[in-house]
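All ligand and atom numbering here is 1-based and tracks the order in the structure.
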Amino acid sequence: MSADVETKLRGPDAYSLAKRALAEMERLRIWPTPLNFELWTHVVAAPESDLAREIARLLDEGATFTDTVSDELAAAFLPRARLNEQIRDAGDALSKELTEVSQAIQTARKSSEVYGEALADASKSLADEQDPATLKSTIVSLTEATRHVSRENRILETRLAASTNEVNRLREHLEQVRRDATTDGLTNLANRKAFDDELERICEEADELCLAVLDIDNFKNFNDTWGHQTGDQVLRFVASVIGRHGSPPRLVARYGGEEFALLFPQESADAAFQVLEEIRNEVCSRALKRRSTNEDLGAVSISCGLAQRRAHERPHELMERADAALYRSKRCGRNRTTNAEDVATAA
Ligand code: GH3
Ligand code: MG
Ligand code: MG
């Protein structure tokens, strides 16, 4: 999102842009969720933007704007600014907190210096002085100085406790922002960006690695028959099965619409193949029911492609081979797993 759009959406035209966005949404029968509204205000404010172009392309294709589609659009085109804003705000708050703590420490240091001087003076006068009245006044001022410094210390302690709480709150907030940025909202699995980063990292560390892509079969038909909401339910179900087989050190991600990726660090292709077959069997043997009406939906199946990393192979090459294996599974009738080595042999 450009600064231009931001300015427009906060400028004098904001109301008319908002009205136009709503009218467009109504015309296109786009459901007026807050996120859709946000997307469409951007479209009317910047009809030449990448977001507007992508939405036009999806409309041409006849796509349905499900929550997932909108989430993906927002993730691709809107969130960076929001994320940056949140990180910047947390950074500002942290720096304000540190400045205040450092000021409190300075004040405490000064008052303990003053107290040190008072102690030194007192010890001198106590050593030299015999007059009871002067001794008494020395003790009184010493007591006063002690009270003062202990008051200052209590203030500092309170300030430090408040700061510790605030810093912990900010840390949790930043952790949440980081989680949101790396998680897919529908399935709670890692998103594509998180997966790509991890794949890159693992490829730098180890050669022993298998990568699988898993794709729901004929999902468009399923959506067309049962609607996108039920489709979303199925996506969550498939994600939960894959997720159960993908505990660390494995990594599961929702890689695209109805496509998942699964990484097997330090595992052989045979072992990974077995796991994919277990997932596939678990998915296709479950008789699904529509939650809202309890209607039988039948079963869904998935196709999988598996590739074992070759020495020094780049992440995108490994992904391409897994994809080619998936494509072979689709071509051979779906609901099956193909090892990329077999694609290479057959080619
Ligand atoms: P294939 O077996 O070849 O994979 O066929 P397919 O129909 O699954 O594949 P295609 O790529 O033609 O269509 C994918 C469909 O997945 C289209 C889209 O409606 C659906 N889809 C993608 N993301 C979502 C989502 O978040 N929710 C729902 N309900 N459907 C989605
Ligand atoms: Mg599919
Ligand atoms: Mg697909």
Any heavy-atom pair between the side chains of [Y] and [X] that's under 4.5 Å?
X      : Y      : answer
Leu262 : Leu251 : no
Lys193 : Thr182 : no
Thr33  : Asn36  : yes
Gln176 : Asp180 : yes

Would you mind naming the N, O or S atom of Glu258 nearest to the Mg ion (ligand 2)? OE1
Kindly state whether the ring of Phe37 and the ring of Trp31 have centres lying under 6.0 angstrom apart. no
Near Glu175 CD, under 6.0 Å, is it more than 12 heavy atoms from other residues, nucleotides or ligands? yes
Does any N, O or S atom in Lys330 come within less than 2.8 Å of the Mg ion (ligand 2)? no
Looking at the Mg ion (ligand 2), is one of the N, O or S atoms of Asp217 less than 2.8 Å from it? no
For the Mg ion (ligand 3), which N, O or S atom of Asp215 is at the shortest distance? OD2
Name the residues with a heavy atom less than 4.0 Å from ligand 1? Thr68, Asp215, Ile216, Asp217, Asn218, Phe219, Lys220, Asn223, His228, Gly231, Asp232, Leu235, Arg254, Gly257, Glu258, Lys330, Arg334
Phe222 vs Phe219 aromatic rings, parallel, tilted or perpendicular, using cut-offs 30° and 60°? parallel
For Asp67 and Ser70, which I'm curious about, is there any donor-acceptor pair between the side chains at under 3.5 Å? no
